[in-house]
Amino acid sequence: MEQILLELAAIKEEMLTLLNEVKDENALKNFREVYLSKKSKLASLSRYFKDLNNDEKAIFGEKINQARQEIDRAYKNKHDELFFASYNKRLLKEKIDLSLPGVNYQVGRINPLRKVEDEILNIFVNMGYEVYEGPDIESDYYNFERMNIPSDHPAREMQDSFYFNPSLLLKTHTSPAQARMMDAKKGEAFKVVCPGKCYRRDDDDATHSHQFMQIEGLVVGHNISLADLKGTLETFLKAVFGEKREIRLRGSYFPFTEPSVEVDISCAHCLGKGCSLCKNSGYIEILGAGMVHPNVLMMSGYDPKEYSGFAFGVGIDRVAMLKYGISDIRDIYQNDLRLFSNFYKER
Ligand code: PHE
């Protein structure tokens with residue numbers, strides 16, 4: 001019996017010493033597998049029970065239980081010690097310094113072209129116009145033929161184009177949307193504005209870009225006159241540039257309108273008196289317009305004796321440049337962030 005108790009004490013000492021030396025969670029796991037299993041040295045002590053009398057059994061059982069409790073306690077302490085050590089280490093690593101300054105993201109801004117486009121469309125929508133955007137890749141038929149520009153017409157030279165093949169090109173103006181709308185309306189009266197990108201084989205410089213934006217306007221109905229066109233454009237341009245500005249119509253030529261006009265707006269600086277900004281003319285050219293040519297009406301199934309209409313095409317880039325004082329059209333397309341900030345003030 002004494003021998004057995006000594007063996008128990010030795011095993012207990014060995015286990016407590018080993019536990020004490022455990023340095024990490026892996027070692028603790030190994031310890032559990034080897035020393036706390038059913039086949040461990042401690043568990044194997046139960047083989048002695050059969051040789052002991054009842055009193056001895058009671059004492060031996062009690063001693064084994066005490067040893068187990070002591071080892072369990074030491075094991076638990078070791079486990080907690082290791083767990084909290086690694087937990088604290090992790091917390092320290094994940095610590096957030098709330099006093100550090102945050103990251104400042106640059107906020108995006110709306111391109112002046114988009115602003116001007118929205119503004120103009122809104123003005124016309126409020127006057128009861130529909131909005132329709134034609135395709136960028138347009139047929140020669142809609143871009144030219146239907147706008148009264150046959151293939152041998154000299155006006156084709158005014159609009160050098162990007163062709164994919166002889167019958168398909170990037171649209172050179174928003175006017176083909178006129179023909180597409182008239183086709184869709186099948187002889188009914190209507191009012192529409194058609195925004196869109198235009199492409200011409202121009203060399204880029206301060207006032208020309210191979211890609212630019214226009215808004216086309218078209219009204220078709222009974223008794224539509226040049227006076228209606230003038231009144232509409234005056235309302236539109238005063239809404240964009242301010243009540244003080246005056247407009248002026250000059251005779252011009254477009255194959256798809258008759259008569260055709262060029263529309264000027266009085267200079268922002270001198271209001272029509274003449275200054276260096278408007279080269280002493282007092283006025284700045286802003287858009288092209290006219291009464292829809294009878295041929296265009298006819299090709300779209302409208303009888304010119306019953307129907308008349310007016311059309312205009314305004315360059316969004318041009319309006320944006322005048323409104324925001326942008327002197328080089330290329331700036332608009334080069335993503336210079338100053339353009340989108342308050343650097344350019346509305347005028
Ligand atoms: N399509 C013409 C251009 O791009 C503008 C225009 C439209 C003129 C409608 C008259 C009527 O120059």
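Each ligand, and each atom within it, is numbered from 1 in the order the structure gives.
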**Message:** Would you say the ring centers of Tyr199 and His210 fall short of 6.0 Å from each other?
**Reply:** no

**Message:** Do Arg200 and Phe212 form a cation-pi contact, if we require the NZ or CZ to be under 6.0 Å from the six-membered ring centre and within 45 degrees of the ring's axis?
**Reply:** no

**Request:** May I ask you to check whether over 12 heavy atoms, not counting those of Gln3, lie within 6.0 Å of atom CD?
**Result:** no

**Stepwise side chain to side chain donor-acceptor pair (under 3.5 Å) check, Tyr142 with Asp183** = CA-CA 11 Å; Tyr142 274 107; Asp183 284 357; 2.6 Å; yes

**Prompt:** Between Lys171 and Lys197, is there a donor-acceptor pair closer than 3.5 Å when you use the side chain of the first and the backbone of the second?
**Reply:** yes

**Request:** Have a look at ligand 1 and work out which part of Phe256, if any, has a heavy atom under 4.0 Å from it: side chain, backbone, both or neither.
**Result:** side chain

**Asked** Atoms of ligand 1 less than 4.0 Å from Glu216 heavy atoms?
**Response** 7 (C), 9 (C)

**Prompt:** Is Thr257 close to ligand 1, meaning an N/O of one under 3.5 Å from an N/O of the other?
**Reply:** no

**Request:** Determine whether any heavy atom of Arg200 lies closer than 4.0 Å to an atom of ligand 1.
**Result:** yes

**Prompt:** What atoms in ligand 1 come closer than 4.0 Å to a heavy atom of Gln214?
**Reply:** 3 (C), 4 (O)

**Message:** List ligand 1 atoms under 4.0 Å from Ser175, heavy atoms only on the residue side.
**Reply:** 1 (N), 7 (C)

